[in-house]
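A short write-up of the structure that comes next.
Counting starts at 1 for both ligands and their atoms, following the listed order.
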Amino acid sequence: MSAVLPVVRTVADLRAQVRAWRAAGLRVGFVPTMGALHEGHLSLVRLARSKADRVVASIFVNPTQFAPHEDFEAYPRDEAGDMAQLASAGCDLVFAPAVAEMYPPGAATTVTVTGVTDAMDGIARPSHFPGVATVVTKLLNQCGPDVAVFGEKDFQQLQVIRRLTADLDIPVEIVGAPTARAADGLALSSRNAYLSADERKVAVRLNEVLRDVLDRLRRGEPVEATEQHAIADLQAAGFTRIDYVETRTPDTLARLGPGPVTGPLRILAAAHIGRTRLIDNMGD
Ligand code: PAF
């Protein structure tokens, strides 16, 4: 019988465990999640495991990164299922705080990152990155890991986290993990659970269109026309709203184009199918 994965629900208990590991000379890895775990999250845990002696995962559906009209209440939750998966991936401890533990009455501080948040999801979801930056700052301060792993699927989020840890002198190595994909290329996401069978067939076009954009740009086609072409392709495929398809530098997320580009780039996209919003990105 496999051992039960320990869960702590308070910052004090989390700190006590991490302090004990530190005292024993162990290196600590951390994987923050909002639960509803899939293979993508487990790949983050395995990567953390390869870089640390002990791995902590957090499960916290952070209310401050959802706008009032978004899916906070409906966001999938399955703590028992998540725990079983985390145990099998080599996680040592789960931090699963209640909202009141993370945001006690009187909490009044928000972390705001500028620059990398000035476009794309920073515009489409204006309250999102302040919520993410605040909770990630808190989680890193609470856990105090040596290394923390975040998925490249949320590419803009990853750059926000790199920026804030550098700016706030948080002593942690931030590692980005490649996007885990289904066999047909769809980026794994907890929100894929919202898709009907017909919508799932539309969803796969997002990564195919991004691949096409990358191929076109590498053939020297101009950025702006290629992005417009991609938006038309997504609309034709059945996406009901396209928030953006944008070509950016990978690190600072500065706009590239409108003409042809050479050198490092990342294409980022967000699009809706009915009530489900999907994001994906691609680089080479
Ligand atoms: O990527 C996520 O799941 C969340 O944005 C994170 C980093 C766990 C913060 O709530």
Every pair of nitrogen or oxygen atoms between ligand 1 and the protein that is under 3.5 angstrom apart - can you list them with their distances to 0.1 Å?
{"unit_1": "ligand 1", "atom_1": "1 (O)", "unit_2": "Gln157", "atom_2": "NE2", "d": "2.8"}
{"unit_1": "ligand 1", "atom_1": "5 (O)", "unit_2": "Gln65", "atom_2": "NE2", "d": "2.9"}
{"unit_1": "ligand 1", "atom_1": "5 (O)", "unit_2": "Gln157", "atom_2": "OE1", "d": "2.7"}
{"unit_1": "ligand 1", "atom_1": "10 (O)", "unit_2": "Gln65", "atom_2": "OE1", "d": "2.6"}

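Contacts of Phe66 classified as ring-ring contact (aromatic ring centres under 6.0 Å, His included), with partners at least two apart in sequence or in another chain: Phe72, Tyr75. Residues that satisfy the salt bridge (charged side-chain N to carboxylate O under 4.0 Å, His left out) test with Glu224, not counting sequence neighbours, are absent from this structure. For the salt bridge (charged side-chain N to carboxylate O under 4.0 Å, His left out) test, residues two or more places apart in sequence or in another chain that qualify with Asp184 are Arg200.
Leu214 and Leu268 are not part of a single hydrophobic cluster, where members link through side-chain heavy atoms under 4.5 Å apart.
Contact of the His41 side chain with the Gln85 side chain is not registered, since no non-hydrogen atoms from C-beta on lie closer than 4.5 Å.
Of the possible donor and acceptor atoms, one in the side chain of Asp78 sits under 3.5 Å from a partner among the backbone N and O of Gly81.
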